[in-house]
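Step one of this worksheet: look at the structure below.
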Amino acid sequence: MKPANLLFIISDQHQAAAMGCAGHPLVQTPNLDRIAEGGTRFSNAYTNCAICVPVRAALATGQYVHQIGKWDNGFPYDGSVPSWGHRLKEEGYIVDSIGKLHFRSADDDNGFTREIEPLHVVDGIGDPASGIRDGSIRRDWRPAIEEAGPADSTYQQYDIRNRENAIKWLRAHADDDKPWVLFLSFVTPHPPWFSPPDTYDQYPHDSIAMPAQWRESDWPRHPAYEYMRRFFSSEQPFPEAMIRRLNAVYYGICTFLDQQIGQVLAEMDALNLRDSTRIVYTSDHGEHIGARGIYGKFTMYEEASNIPFIMSGPDVPPGKVVDTPISLIDCYPTILDAVGCPPPDDSVRKPGNSLWDIASGDEQERTVFSEYHAIGSRNAYYMLRDRRYKYIYHVAAPAQLFDLTADPCELNDLAMDPDARTRQLLAGYEAQLREILDPEAVDRRAKADQAARIESLGGREAVVARGVFTNSPAPGETPKFRRFVKAGD
């Protein structure tokens with residue numbers, strides 16, 4: 001594959017299904033659709049952890065969360081584990097970032113030659129209270145959902161600046177002799193739940209299909225999700241009209257995001273960069289928007305774990321959809337290959353594979369892995385996903401198994417009433433998981449690290465007294481801390 005520039009575009013909390021090219025009957029994403037039409041879309045792409053800080057560290061380093069110990073939003077990446085950016089810099093490439101990184105600080109060497117208006121975690125600390133997982137405190141997300149509607153937000157303003165910064169950057173580097181990498185990171189459609197009025201109006205509420213298992217009577221009663229609903233104060237259902245409005249807001253933000261991407265692509269065309277530049281579009285994780293009675297990410301259900309992933313440009317097959325499972329861990333070798341950078345000469349195990357070869361080849365059997373140790377969970381859970389099945393292992397709770405070929409909406413948990421064949425499948429997947437890690441031992445290690453982190457910040461009382469914020473503020477915005485809710489309140 002001939003080296004070329006790479007524009008790597010990542011958004012935040014974009015559900016894989018919420019694109020026209022993914023078959024959504026309502027969501028309007030014409031610019032992403034055009035990338036997919038001229039390139040390759042991976043239908044089974046997954047996050048390696050369904051929350052921002054851990055998975056962005058995993059994407060940067062090409063290693064799983066448990067390998068690098070970045071368990072939750074209180075363990076931001078600090079550059080100490082080499083990233084693909086560090087490798088590119090070693091070889092003399094320009095590798096710049098624009099927008100959200102959610103690392104510790106711009107004062108760290110995060111692997112970029114330049115960070116343009118980055119969004120990092122609050123105070124270099126992030127959200128260490130994510131590590132308090134004993135059920136003694138919870139967070140009330142009801143007001144944010146109840147207030148959802150058409151309005152401006154600092155996140156929209158920030159993404160407009162990210163768009164303009166990207167356009168300026170492309171103009172400055174259009175004639176570079178050596179291939180470059182631009183990591184362009186938009187923060188939408190992550191909450192706050194406000195959509196531009198013009199894109200919100202594109203989604204009449206009566207046209208919106210309700211999310212899977214949105215009715216309280218249909219909620220999965222697995223203990224992990226019962227705990228999660230209580231933790232986020234959503235154990236009481238929201239009215240149908242409110243869920244419809246929330247979905248209209250989310251779709252409107254997705255369309256707003258697509259518009260920003262479209263303007264960047266238009267500038268690439270004006271600069272004649274398309275023939276010399278490969279493009280990747282993806283997101284760090286998805287969003288439930290009320291499916292299963294859950295709001296946010298956090299789970300291994302498709303709404304949260306399945307992510308968009310599209311590639312286009314030189315040597316990428318046009319109009320192709322690949323069902324081979326992939327994950328964000330694969331980005332490390334993919335980025336290096338795009339510009340012709342050799343891999344590092346080290347012994348660190350990086351489980352990913354370059355996606356350019358997978359895009360050009362035949363469908364293959366492949367299993368991807370994800371894990372979760374963060375906010376809203378009492379114990380760890382892990383996912384294995386191959387072309388047909390999804391297996392979810394819960395520490396100290398029942399496993400789950402879904403046949404996504406027969407049951408793409410994950411309505412029938414085969415593990416709830418297993419026959420002999422299902423029991424054999426469950427045993428096989430558990431054995432496969434234990435080849436990757438010891439799930440109980442990793443759960444204990446994560447909790448020990450979280451306890452030590454909280455102690456290093458003054459202890460539990462100090463961390464709780466600091467308060468909580470719903471979303472990290474955009475650059476220049478002051479974080480709005482709120483008090484935690486005690487479990488019995």
Side-chain angles (χ1 to χ4, degrees), residues 1 3-14 16 35 39-65 67-68 70 77 79 81-89 91 93 95-103 110-112 179-186 277-286 305-313 315-316 322 324-344 348-360 366 368-371 385:
M1 187 171 72
N5 303 320
L6 177 64
L7 173 62
F8 191 106
I9 306 174
I10 184 169
S11 63
D12 198 318
Q13 210 150 314
H14 190 183
I35 299 176
T40 295
R41 181 175 65 86
F42 292 84
S43 60
N44 291 325
Y46 288 86
T47 185
N48 299 106
C49 184
I51 193 168
C52 299
V53 169
V55 76
R56 287 172 179 267
L59 188 159
T61 62
Q63 299 181 63
Y64 292 133
V65 167
Q67 291 179 283
I68 55 177
K70 302 299 184 184
Y77 178 68
V81 180
S83 68
W84 47 260
H86 289 107
R87 179 58 185 154
L88 289 166
K89 283 205 304 181
E91 295 295 318
Y93 290 91
V95 49
D96 286 354
S97 76
I98 295 172
K100 179 175 180 176
L101 290 173
H102 231 194
F103 297 164
N110 296 313
F112 295 103
W180 43 254
V181 173
L182 177 61
F183 187 81
L184 173 57
S185 183
F186 292 104
T277 306
R278 298 186 177 99
I279 299 171
V280 169
Y281 173 72
T282 189
S283 196
D284 55 357
H285 49 69
S305 64
N306 188 206
I307 54 174
F309 205 104
I310 308 169
M311 305 195 313
S312 72
D315 305 310
V316 179
V322 174
T324 300
I326 67 167
S327 76
L328 289 173
I329 287 291
D330 295 314
C331 291
Y332 188 110
T334 300
I335 292 169
L336 297 187
D337 278 359
V339 296
C341 179
V348 177
R349 184 175 70 89
K350 296 182 179 66
N353 295 107
S354 177
L355 297 177
W356 309 109
D357 294 336
I358 294 176
S360 299
R366 192 168 187 251
V368 295
F369 167 81
S370 187
E371 60 191 299
R385 169 71 159 102

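Atoms considered below: every heavy atom in the structure, side chains included; atoms not considered: hydrogens, waters and symmetry mates.
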Candidate pair Y281 and I10, rule side chain to side chain contact (heavy atoms under 4.5 Å, CB included), full reasoning: CA-CA 6 Å; Y281 173 72; I10 184 169; over 6 Å; no
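- Here the side chain of D315 pairs no donor or acceptor atom with the backbone of M1 at under 3.5 angstrom.
- Rounded to the nearest 0.5 angstrom, L184 CG and S97 OG are separated by 9.5 Å.
- Shown here for R87 and C341, the closest heavy-atom pair between the two residues is CG-SG, 3.9 Å.
- Between the side chain of R349 and the backbone N or O of Q67, no donor-acceptor pair lies under 3.5 Å.
- Put simply, the side chain of Y77 never gets that close to the backbone of A60: no donor and acceptor are under 3.5 Å apart.
- In terms of modelled atom types and a separation under 3.5 Å, the side chain of E371 and the main chain of V65 share a donor-acceptor contact.
- Judged purely by atom type and a 3.5 angstrom limit, Y332 has no side-chain atom pairing as donor or acceptor with the backbone of L336.
- Counting all heavy atoms, side chain and backbone alike, M311 lies closest to A359 at CE-CB, 3.8 Å.
- Between atom CD1 of residue I326 and atom CZ of residue F42 there is a gap of 4.5 Å, rounded to the nearest 0.5 Å.
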Chi angles and distances behind the side chain to side chain contact (heavy atoms under 4.5 Å, CB included) call for V339, W180: CA-CA 7 Å; V339 296; W180 43 254; over 6 Å; no
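- The minimum heavy-atom distance linking F309 with L328 is given by the pair CE1-CD2, 4.3 Å.
- For T282 (side chain) and P308 (main-chain N/O), a donor-acceptor pair under 3.5 Å exists by modelled atom type.
- Ring centroids of W84 and F183 are separated by less than 6.0 Å, placing the two rings close together.
- Put simply, the side chain of K70 does not reach to within 4.5 Å of the side chain of V53, judged on heavy atoms.
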Test log, rule ring-ring contact (aromatic ring centres under 6.0 Å, His included), inputs Y64 and F369: CA-CA 9 Å; Y64 292 133; F369 167 81; 4.9 Å; yes
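- Put simply, the side chain of R41 never gets that close to the backbone of I310: no donor and acceptor are under 3.5 Å apart.
- With rounding to the nearest 0.5 angstrom, the CG atom of D357 is 7.0 Å from the CG atom of D337.
- Closest approach of S370 to T47, counting heavy atoms only: OG-O, 3.1 Å.
- Here the closest heavy-atom approach between residue K100 and residue C52 is recorded as NZ-SG, 3.5 Å.
- Side chain of H14 to backbone of S11: no donor-acceptor contact under 3.5 angstrom is found.
- Rounding to the nearest 0.5 Å gives a distance of 5.5 Å between CD1 of I279 and CG of L7.
- From I358, atom CD1 reaches atom CG of N353 across 5.5 Å, with rounding to the nearest 0.5 Å.
- Looking only at distances, no side-chain donor or acceptor of D96 sits under 3.5 Å from a matching main-chain atom of F112.
- Here the side chain of W356 pairs a donor or acceptor atom with the backbone of T334 at under 3.5 angstrom.
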Full working for side chain to side chain contact (heavy atoms under 4.5 Å, CB included) between N306 and Y46: CA-CA 5 Å; N306 188 206; Y46 288 86; 4.0 Å; yes
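- Nearest heavy-atom pair across N48 and I329 is OD1-N, 2.9 Å.
- In this structure, D12 pairs ionically with R56, as a charged nitrogen and a carboxylate oxygen lie closer than 4.0 Å.
- Applying side-chain contact (heavy atoms from CB on, under 4.5 Å) to L6 and the options V280, T277, V95, L182 leaves one that passes, V280.
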Test side chain to side chain contact (heavy atoms under 4.5 Å, CB included) applied to F8 and I335, step by step: CA-CA 8 Å; F8 191 106; I335 292 169; 3.9 Å; yes
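- Contact check on R366 versus D330 returns a salt bridge, with a Lys/Arg side-chain nitrogen under 4.0 Å from an Asp/Glu carboxylate oxygen.
- If you take CD1 on I307 and OG on S327, they are separated by 7.5 Å, rounding to the nearest 0.5 Å.
- Using a 3.5 Å distance cut-off with no hydrogens or angles, the side chains of R385 and N44 do pair a donor with an acceptor.
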